[in-house]
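Below: one structure, written as structure tokens.
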Amino acid sequence: MRIVLLYAPPWKIARNGDPIYPPEEGPPDNVDPAAVTEGDFLQSPYGLLTLAAQALRCGFSVQTLNVSNFPWMNIENLVCHLNADLFGLSCVTENRRGVAMLAQLIRNLHPRAHIVVGGPHVTALPIETLRHIQAIDTVVVGEGEETFLELIRCLQEHQSTQGIPGTAWRSSTGFHLGPPRERIADLDMLAPPTDYFELHTLLTSRGCPMQCTFCSSRMMWGKRVSFHSAEYVLDMLETAINRQGQRILSIKDDTFTADRPRALAICDGIRKRHLEFIWSCDTRADYLDEALLFEMRQSGCIRISMGVESASTDILRNINKQLSLERLFDVTQAARRYGIQIRYYMMAGNRGETLETFKQSLDFISRAKPNQFVFSQLHLYPGTKEFDIFMRHGLVSPAIFFTQNFFCLTCFAGNRSDEKCIRKILSTISGVQNCWEYGVADYQKALTRMPNMHSLHVDVCRAYLREGNPDAAERHLHRAVALDFFLPGLIHNLYACIAAARTDIDRCKFHLDEAFAIHPYQVVIENMERLESWLNNRNTQAGAPLTLSPGDGFESTFICRQPECPDPVWRN
């Protein structure tokens, strides 16, 4: 049994220099083609990787490829040379059109292959997917590992694939939805994707205890939140860190700290196993407290992202966001005591949104001062309560996802008279916005609580550099090195910043070259470009200082590795 798993692009992407495809095949008219072929969209869904891991553990031949930013002509050539009995595609709303075109391409080139599609979008619309995309044989609904393995066994044994629990299929009599698949009772029975792939992102639980109207988590995972055990998570982390050399990881659970004892056990295990890495996670303010924040920072957590959506109690009620703004404010302030970066995810345009409610959100951000915030507009996803509300009012239907070419179904559900003004403000705060930055005094206070934390000394070093004090920065950097800080590339970058502040250009170049040789962090690349520009423009003669960036701790250039990210080698 030969299996190929693919993460499709959002549409047909043209090669560099070629004209873009028309809107019915290529990008929508109102979308910048480059805007959605970079960043988070490029990362393979974790579910695709865990399906591959289960099949690999069973001894099947599996090739997993992320083609999310490949030119379509390259995809055609690639699929032509792939020879598989089973093709699996991962479908989110954003790449639904690409999935449809890729499925048809596979059908044309490999007419005898079985094509299965899974993911949140088709889980919400299984019958509609089969009705509109004739090339697809089977849709996997919800949690897919056991369903996928049963499908493989049926194909291998030449048995019918119709009727498998957790699937939808077509027959000569129409479209059919099978019985639901029982949720996996023990997630620890699954093969961890880190045993087979080099990953920067991990999932350690499934589902969310809340029921926000805009979120599809409950549709995908059901009412019960399930967790990998702390030991399982620690084993995954140990594999990623000690065997694969990962040093910066992101835990992308819906609510990582929903099980507080487990979160504490993971933090404790990280220290006991001497796992040296820095990490981020997503969670909610009502599942955080000061003791947990302390343990998280002690184990390497340097950034926490929280879904806030709005600071209007009316809007929070409308979207069933059970959030205490007072608790959110207190948690944000508590995180400062340990030097943890806080990012708010915000939304605009929810039902009931007015200029006043929108300004309440902006005012709360100004008062609470997270390190960063990012606004998005309301997106309607199938399977959410929000989509159902709009559908009941006759504003949308499932067919819209198959007949229109939008990337995301973005809408404004607030007061129409305020929409123009709100959109104008949003245009000035597009993307991740920096709101508040730690200074030397802030980090020094954190050091009184954790005097021997090497990453905190690195943070103090950066703060001193921003304040123009390279001597003090160097003292704390020396201390971080003495405490065995584990990211030598970033250490060399900071030494380069110190050398630049002292106008020691030779030493600056030496440290940047050393940093780049270790790992091409984004901040290192940018600093090398700054140095080259400074030298080429002969700013040395004009007396202009060379100023380099010390970075902010949780950023790096992704080394594109299949299948988590699309590898440029495969693109060409």
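- Closest non-hydrogen pair, Arg343 versus Gln372, comes out as NH2-OE1, 2.7 Å.
- Shown here is Gln333, whose CD atom has more than 12 heavy atoms of other residues, nucleotides or ligands within 6.0 Å.
- Every residue two or more places apart in sequence or in another chain that forms a side-chain hydrogen bond (donor to acceptor under 3.5 Å, both in side chains) with Arg297 is listed here: Ser455, Asp459.
- Side-chain N/O atoms of Tyr196 and Thr64 include no donor and acceptor closer than 3.5 Å.
- Within the 4.5 Å cutoff, no side-chain heavy atoms of Asp363 are placed close to those of Arg367.
- Separation of atoms CD1 (Ile251) and OG (Ser280) is listed at 7.5 Å; rounding is to 0.5 Å.
- Side-chain contact of Gln43 with Thr201: a donor-acceptor pair under 3.5 Å is present, judged by distance alone.
- Asp195 pairs by the salt bridge (charged side-chain N to carboxylate O under 4.0 Å, His left out) definition with nothing, not counting sequence neighbours.
- Smallest separation of non-hydrogen atoms from Ser361 and Met346: CB-CE, 3.9 Å.
- In this structure, the side chain of Asn350 does not engage the main chain of Ile315 through any donor-acceptor pair within 3.5 Å.
- Judged by distance alone, the side chain of Trp221 and the main-chain N or O of Ser226 form no donor-acceptor pair under 3.5 Å.
- Within the 4.5 Å cutoff, no side-chain heavy atoms of Glu353 are placed close to those of Gln377.
- Between the CG atom of Leu49 and the CZ atom of Phe197 there is a distance of 6.0 Å, given to the nearest 0.5 Å.
- Between His492 and Phe510, the two ring planes are perpendicular [angle over 60°; tilted spans 30° to 60°].
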Checking Arg479 against Asn452 for the side chain to side chain contact (heavy atoms under 4.5 Å, CB included) test, could you report, in this order, the C-alpha distance in whole Å, the side-chain angles of both residues, the deciding distance, and whether it holds?
CA-CA 9 Å; Arg479 181 60 178 155; Asn452 294 319; 2.9 Å; yes
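- Annotation for Tyr438 and Ala335: closest pair OH-O, 3.5 Å, computed over non-hydrogen atoms.
- At distances below 3.5 Å, not a single donor-acceptor pair connects side-chain atoms of Asn66 with backbone N or O atoms of Gln562.
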Determine whether Ile422 and Leu355 satisfy the following criterion, side chain to side chain contact (heavy atoms under 4.5 Å, CB included), listing intermediate values before the conclusion.
CA-CA 6 Å; Ile422 291 173; Leu355 185 58; 4.1 Å; yes
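- Interatomic distance, SG of Cys301 versus CG of Leu249, reported as 11.5 Å (0.5 Å rounding).
- More than 12 heavy atoms of other shown residues, nucleotides or ligands fall within 6.0 angstrom of atom CD in Gln244.
- A donor-acceptor pair under 3.5 Å is formed between the side chain of Glu564 and the backbone N or O of His200.
- Asn493 and Asn527 are linked by a side-chain donor-acceptor pair at a separation below 3.5 angstrom, with hydrogens and angles left out of the test.
- When all heavy atoms of Leu325 and Ser310 are compared, the closest pair comes out as CD2-O, 3.9 Å.
- Applying the ring-ring contact (aromatic ring centres under 6.0 Å, His included) test to pairs two or more places apart or on separate chains, those with a residue in residues 282-317 are Phe294-Tyr338.
- Sorted by first and then second residue, the salt bridge (Lys or Arg N to Asp or Glu O under 4.0 Å) pairs with a member in residues 492-507 read Asp471-Arg502, Glu474-Arg502; sequence neighbours excluded.
- Using a 4.5 Å heavy-atom cutoff, the side chains of Tyr345 and Val374 are in contact.
- Taking 4.5 Å as the limit, some side-chain heavy atom of Met210 sits within range of a side-chain heavy atom of Asp286.
- Note: Tyr232 and His228 have parallel aromatic rings, judged against thresholds of 30 and 60 degrees for the angle between ring planes.
- Contacts of Glu309 classified as side-chain hydrogen bond (donor to acceptor under 3.5 Å, both in side chains), with partners at least two apart in sequence or in another chain: Lys321.
- Applying the salt bridge (Lys or Arg N to Asp or Glu O under 4.0 Å) test to residues at least two apart or on different chains, the pairs with a partner in residues 426-448 are Glu437-Arg466.
- Closest of all the heavy-atom pairs between Gly352 and Asn318 is CA-ND2, 4.0 Å.
- Rounding to the nearest 0.5 angstrom, the gap separating the CG atom in Leu275 from the CG atom in Leu234 is 6.5 Å.
- Pairs passing the salt bridge (Lys or Arg N to Asp or Glu O under 4.0 Å) check and including a residue from residues 269-282, sequence neighbours excluded, read Glu231-Arg273, Asp235-Arg273, Glu238-Arg273, Lys252-Asp282, Asp268-Arg271, Asp268-Lys272, Arg271-Glu295.
- In this structure a side-chain-to-backbone donor-acceptor pair under 3.5 Å is missing from Asn469 to Tyr464.
- A 4.5 Å side-chain heavy-atom check between Tyr495 and Val481 finds at least one atom pair inside the cut-off.
- Side chains of Ile270 and Trp279 form a contact here, defined as non-hydrogen atoms less than 4.5 Å apart.
- Judged by distance alone, the side chains of Asp314 and Ser312 never bring a donor and an acceptor atom under 3.5 Å apart.
- Put simply, the side chain of His457 gets close to the backbone of Pro451: a donor and an acceptor are under 3.5 Å apart.
- One finds the CD1 atom of Ile266 at 9.0 Å from the OG atom of Ser299 (value rounded to the nearest 0.5 Å).
- Between Phe375 and Ile365 there is a side-chain heavy-atom pair separated by less than 4.5 Å.
- Contacts classified as salt bridge (Lys or Arg N to Asp or Glu O under 4.0 Å) and involving residues 198-218 (residues at least two apart or in different chains) are given here: Glu143-Arg206, Glu145-Arg206, Glu198-Arg561.
- For Asp418, there are no salt bridge (charged side-chain N to carboxylate O under 4.0 Å, His left out) partners at least two apart in sequence or on another chain.
- Under the ring-ring contact (aromatic ring centres under 6.0 Å, His included) criterion, no residue pair touches residues 308-330, with sequence neighbours excluded.
- Within the 3.5 Å criterion, the main-chain N or O of Phe41 finds no donor-acceptor partner in the side chain of Asn95.
- Asp253 is linked by a salt bridge (charged side-chain N to carboxylate O under 4.0 Å, His left out) to Arg262, counting only residues two or more places apart in sequence or in another chain.
- Side chain of Thr428 to main chain of Ile425: a donor-acceptor pair is present (N/O by atom type, distance under 3.5 Å, no hydrogens or angles).
- Remark: Glu467 engages no residue in a salt bridge (charged side-chain N to carboxylate O under 4.0 Å, His left out) (not counting sequence neighbours).
- The closest donor-acceptor contact from the side chain of Arg247 to the backbone of Leu487 lies at 3.5 Å or more, if one exists at all.
- Closest approach of Pro193 to Ala53, counting heavy atoms only: CA-CB, 3.9 Å.
- Side chain of Ser533 to main chain of Arg530: no donor-acceptor pair is present (N/O by atom type, distance under 3.5 Å, no hydrogens or angles).
- A ring-centre distance under 6.0 Å is not found for Tyr7 and Phe70.
- Between Val524 and Met528, some side-chain heavy-atom pair lies under the 4.5 Å cut-off.
- Between the side chains of Gln341 and Arg303, no donor-acceptor pair is found at a separation under 3.5 Å.
- Taken to the nearest 0.5 Å, the CD1 atom of Ile342 stands 5.5 Å off from the OG1 atom of Thr332.
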